[in-house]
Amino acid sequence: MQLPDLGKNSPGKPDPWAKFRGLTWWQLVLSIVPILLLPFGGLIGGAFGAAGLFVNLSLARKPFGTPAKLLAMVGLVLGAYLGYFIVAGVIYIIVKG
C-alpha cells in the first residue's frame, strides 16, 4: 500500500505556486516587489502591484539574456511604482481641489 504524498496538490487541481517554481532568487524578488504597493496603496496600489507581479513573472520566463531580463524587470518595478504615484497624485488633486 502506497501512502499519498500530502505535499502535492490533489489530482486535477492546479498548482498555485507553479509560476514561481524554477525562478532564481533575484527573479523572485523582482516579481514580488511590485505587490508591496498593496498595503499602502489600497485598490490602486493593488492593481498596479498585481499587474507588475504578473508581468514580471512573464518576463522572468522569457528567453532574454540575464542583463536584458534584469533591466526589463527593474524597469517594470519602477514603472509600477511611478504609475501608482502618478495616478494616486492625480486623484488626490482632483479630490482635494
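The structure presented is a predicted model; accordingly, all values stated were derived computationally and were not measured.
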Per-pair distances, 0.1 Å, donor-acceptor, side chain in residues 65-72, under 3.5 Å, sequence neighbours excluded:
{"unit_1": "Lys69", "atom_1": "NZ", "unit_2": "Ala60", "atom_2": "O", "d": "3.0"}
{"unit_1": "Lys69", "atom_1": "NZ", "unit_2": "Lys62", "atom_2": "O", "d": "2.9"}

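- Under the 4.5 Å side-chain heavy-atom criterion for Ile, Leu, Val, Met, Phe, Trp and Tyr, Trp17 and Leu23 are members of the same hydrophobic cluster.
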Check: residues 75-97 side-chain donor-acceptor pairs under 3.5 Å, at least two apart:
{"unit_1": "Tyr81", "atom_1": "OH", "unit_2": "Val33", "atom_2": "O", "d": "3.0"}

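- Clustering ILVMFWY residues whenever any of their side-chain heavy atoms sit less than 4.5 angstrom apart, transitively, puts Phe54 in a cluster other than the one holding Phe48.
- Side-chain heavy atoms closer than 4.5 Å link hydrophobic residues (I, L, V, M, F, W, Y) into clusters, and following such links, even through other members, never connects Leu53 to Ile44.
- Shown here for Met73 and Trp26, the closest heavy-atom pair between the two residues is SD-CZ3, 4.0 Å.
- The nearest pair of heavy atoms linking Leu57 to Lys19 is CD2-O, 3.8 Å.
- Taking hydrophobic clusters as Ile, Leu, Val, Met, Phe, Trp and Tyr residues chained together by side-chain heavy-atom distances below 4.5 Å, Val74 shares a cluster with Leu37.
- Taking each heavy atom of Leu36 and Phe40 in turn, the nearest pair found is O-CE2, 3.5 Å.
- By the side-chain hydrogen bond (donor to acceptor under 3.5 Å, both in side chains) test, Ser58 pairs with no residue at all, sequence neighbours left out.
- A heavy-atom distance below 4.5 Å is not found between the side chains of Asn56 and Gln27.
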